[in-house]
Amino acid sequence: MNSREEYEKKLISPEEAAGLVENGMHIELGGAANTALIIDKYLAKRKDELEYVKVGTFIDLAHYEFLKADPNGEVFEWSSGFLYRPVRKTSKVLGPCVFRPNLYHDVPRIVREFSKDYDPIDIAYIVTTPMDKHGYFNFGLTCSHMKALAEVAKKVVVVVKENMPWINGGYDECIHISEVDYIVEDNEMPVPFIPFTPPPTKEDEMIAENILNAETKDGRKLIQDSSTIQVGIGGLPDTVVKLLKESGYKNLGVHTEMIGDGTLELIEEGIVTNDQKKLDRGKSVFTFSLGSLKLYEYLDRNPEVATYPVDYTNDPFIIAQQPKMFSLNQAAEADLMGQVNSEQMGLISPTGKLYQVSGTGGQLDFVMGCLFSRDRQGFSVLAMYSTHNGTSRIKPILPPGAAVTVPRSMVQVIATEWGVAYLKGLTVKERAIAMIHLAHPDHRDWLEKEAEKLGLLPPNYTIPAGTPDYVLYKRD
């Protein structure tokens with residue numbers, strides 16, 4: 001039987017694909033731009049005829065129909081590896097019980113080992129490109145851990161989208177029709193894209209300027225010519241990209257978790273060349289993408305890029321091999337000792353429950369990768385706004401229930417609108433002083449008093465005037 005004949009034999013409708021789900025099953029719907037939303041639609045309609053179905057997702061770009069149909073999880077027990085804006089309302093009501101803590105680079109291994117031994121996956125619904133002439137489907141915009149899911153699931157259903165870009169990869173970016181049980185053609189749900197990026201805030205611009213102005217004591221910038229960079233999506237990364245374009249940087253490389261339109265701008269300007277990288281020379285490397293249709297068109301079958309599973313892109317020891325590695329991620333809050341929370345708010349909700357807003361994702365992966373950098377020139381920057389609705393996001397200590405996404409022992413550089421500080425190697429006293437320098441001026445006196453109460457500063461201690469060396473840049 002040739003590939004086309006096998007394709008026709010395995011082809012079923014979306015309704016039939018959702019009909020494969022039985023009571024007590026564990027199914028996975030994928031994530032990010034490769035979430036099987038067509039299956040979600042028809043699965044929700046079966047709510048009254050099913051009992052106890054476990055549904056896994058990650059990087060949630062939609063408020064799922066099955067959650068709307070069953071908001072209390074009486075039928076569908078939902079869990080996510082990284083929550084995103086559309087599902088945060090559900091997370092706030094249900095609590096962090098819906099979250100699967102993980103280091104993103106470890107997810108393929110978790111799938112292959114934990115799913116095999118403790119929690120078998122009955123059906124993996126995996127969004128792909130159309131099949132090529134060799135019988136292969138490509139995972140397109142989200143390589144991540146798709147191949148791992150396909151390897152362990154009892155049944156594999158590929159959900160084909162005509163407009164999914166085919167992205168060249170290093171490995172595990174494709175699945176052959178012989179590894180597939182059923183095929184669904186999704187002609188209803190377009191590939192998710194971001195039509196425009198909201199303009200940066202004044203705070204974004206201040207933080208970005210601070211990061212590019214910061215210098216170590218020996219005169220090194222955090223980003224240098226020939227640096228390999230990892231930046232995400234949003235106002236702050238986009239502002240950093242804009243300043244990189246304006247500042248004459250050259251020969252940058254890209255090794256990142258997610259590639260977005262900001263990175264594309266650097267490529268188009270000739271600022272990203274990837275010719276100084278130690279691994280994957282000449283290629284921008286990533287594990288998933290979200291952005292505009294222009295970005296997707298650029299990525300489609302382009303030999304200048306390579307998608308890999310996340311256990312390669314986010315492996316700290318792969319990251320550590322990149323020259324002058326620079327990583328930028330955002331945090332929600334931090335305390336005076338340098339503990340960083342980027343994912344779970346503490347006991348501040350009227351419901352009295354903890355509030356999972358996102359996940360660890362790849363933040364700690366890239367922090368570790370820069371920390372272990374082979375050339376000792378890696379910098380991981382954790383950026384945060386100093387206030388939220390007038391309240392300081394720099395706390396004396398993290399509030400009860402707040403997650404520690406990055407422990408103080410691994411934090412390297414923290415940036416706010418008010419400055420940039422290098423915390424690695426500092427005592428708790430020095431960290432407290434640095435963080436107070438980064439706090440909003442309205443909250444510095446309060447933080448200093450609280451630091452003394454907690455023993456972070458000695459009794460009757462007054463922070464000296466001037467800026468210490470470990471505050472790499474200060475904005476007054």
Side-chain angles (χ1 to χ4, degrees), residues 14-32 34-84 86-104 106-127 142 144-159 181-182 184 310 344 353-354 356 358-361:
E15 297 96 325
E16 290 173 313
L20 297 171
V21 179
E22 299 176 1
N23 294 341
M25 278 190 169
H26 172 185
I27 68 170
E28 292 286 332
L29 294 181
N34 290 54
T35 308
L37 296 178
I38 190 72
I39 304 299
D40 167 50
K41 173 183 175 179
Y42 290 102
L43 181 65
K45 296 180 179 181
R46 299 190 59 210
K47 181 238 177 184
D48 293 335
E49 60 186 82
L50 289 169
E51 294 180 0
Y52 187 64
V53 175
K54 297 179 73 172
V55 183
T57 63
F58 68 99
I59 312 178
D60 307 290
L61 300 186
H63 185 191
Y64 303 116
E65 295 300 319
F66 74 83
L67 287 181
K68 295 177 187 177
D70 183 31
N72 295 321
E74 296 170 358
V75 173
F76 301 115
E77 182 184 323
W78 167 63
S79 65
S80 173
F82 190 98
L83 291 81
Y84 207 54
V87 297
R88 285 175 183 164
K89 184 176 180 181
T90 301
S91 168
K92 185 176 286 189
V93 172
L94 296 180
C97 58
V98 300
F99 178 57
R100 299 193 301 267
N102 60 80
L103 293 173
Y104 196 13
D106 199 35
V107 170
R109 183 173 178 177
I110 291 172
V111 168
R112 290 184 172 104
E113 295 180 0
F114 184 81
S115 299
K116 175 185 174 184
D117 296 331
Y118 298 100
D119 189 14
I121 297 171
D122 294 288
I123 307 175
Y125 295 96
I126 299 176
V127 175
T142 311
S144 189
H145 55 289
M146 297 297 98
K147 194 59 179 285
L149 288 173
E151 288 177 5
V152 303
K154 296 176 184 176
K155 286 188 174 66
V156 176
V157 180
V158 295
V159 179
D181 296 287
Y182 297 99
V184 171
V310 72
Q344 178 179 287
K353 295 177 181 177
L354 305 178
Q356 187 75 37
S358 57
T360 305

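Numbers here simply count residues along the sequence, with the first being 1.
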**Q.** Plane angle bin for His145 and Phe58 - parallel if under 30°, tilted between 30 and 60°, otherwise perpendicular
**A.**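 Judged by the thresholds at 30° and 60°, the geometry between Phe58 and His145 is tilted.
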Can you tell me how far [atom2] of [Y] sits from [atom1] of [X], rounded to the nearest 0.5 angstrom?
X: Glu151; Y: Arg112; atom1: CD; atom2: CZ; answer: 4.0 Å
X: Phe76; Y: Glu65; atom1: CZ; atom2: CD; answer: 11.5 Å
X: Glu77; Y: Leu94; atom1: CD; atom2: CG; answer: 10.5 Å
X: Asp60; Y: Leu29; atom1: CG; atom2: CG; answer: 10.0 Å
X: Met146; Y: Asn34; atom1: CE; atom2: CG; answer: 6.5 Å
X: Phe99; Y: Ser79; atom1: CZ; atom2: OG; answer: 10.0 Å

Please name the pair of heavy atoms, one in [X] and one in [Y], separated by the smallest distance, quoted to 0.1 Å.
X: Val21; Y: Arg46; answer: O-NH1, 2.8 Å
X: Pro86; Y: Ala62; answer: CB-C, 3.4 Å
X: Ala69; Y: Ala44; answer: CB-O, 4.0 Å

**Q.** Qualifying residues under side chain to side chain contact (heavy atoms under 4.5 Å, CB included), relative to Val75, sequence neighbours excluded
**A.**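 Here the qualifying residues are Lys47, Leu50, Asp70.
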Q) With sequence neighbours excluded, what pairs up with Arg88 under the side chain to side chain contact (heavy atoms under 4.5 Å, CB included) test? A)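 For Arg88, the residues satisfying side chain to side chain contact (heavy atoms under 4.5 Å, CB included) (neighbours in sequence not counted) are Tyr84, Arg85, Tyr355, Val357, Ser358.
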Tell me every residue that passes salt bridge (Lys or Arg N to Asp or Glu O under 4.0 Å) with [X], counting only those two or more places apart in sequence or in another chain.
X: Lys89; result: none
X: Asp181; result: none
X: Lys155; result: none
X: Glu113; result: Arg109

Report yes if some heavy atom in the side chain of [X] is under 4.5 Å from a heavy atom in the side chain of [Y]; otherwise report no.
X: Ile38; Y: Val159; result: yes
X: Ile27; Y: Ile121; result: no
X: Pro120; Y: Lys154; result: yes

Q) Is Glu49 atom CD crowded by more than 12 heavy atoms from other residues, nucleotides or ligands, each under 6.0 Å away? A)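 Enclosed.
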May I ask you to decide if [Y]'s main-chain N or O and [X]'s side chain share a donor-acceptor pair within less than 3.5 Å?
X: Asn102; Y: Val107; result: no
X: Ser91; Y: Gln356; result: yes
X: Lys353; Y: Val93; result: yes
X: Tyr125; Y: Ala17; result: yes

Q.
Working note: His63 + Lys68, criterion side chain to side chain contact (heavy atoms under 4.5 Å, CB included); need CA distance, chi angles, decisive distance, verdict.
A. CA-CA 8 Å; His63 185 191; Lys68 295 177 187 177; 3.8 Å; yes
**Q.** Name of the residue among Asp106, Asp119, Val152 meeting side-chain contact (heavy atoms from CB on, under 4.5 Å) with Val111
**A.**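 With Val111 as partner, side-chain contact (heavy atoms from CB on, under 4.5 Å) holds for just one option, Val152.
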Q: Run the numbers on Leu37 and Tyr64 for side chain to side chain contact (heavy atoms under 4.5 Å, CB included), then give the verdict.
A: CA-CA 8 Å; Leu37 296 178; Tyr64 303 116; 4.0 Å; yes
Q: Dump the intermediate steps for side chain to side chain contact (heavy atoms under 4.5 Å, CB included) on Val184 and Val158, then the final yes or no.
A: CA-CA 6 Å; Val184 171; Val158 295; over 6 Å; no
Q: Determine, stepwise, if the pair Leu61 / Thr35 fulfils side chain to side chain contact (heavy atoms under 4.5 Å, CB included).
A: CA-CA 8 Å; Leu61 300 186; Thr35 308; 5.6 Å; no
Q.
Side chains of Tyr104 and Ser144 only: does a donor on one sit below 3.5 Å from an acceptor on the other?
A.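 Yes, a side-chain donor-acceptor pair sits under 3.5 Å.
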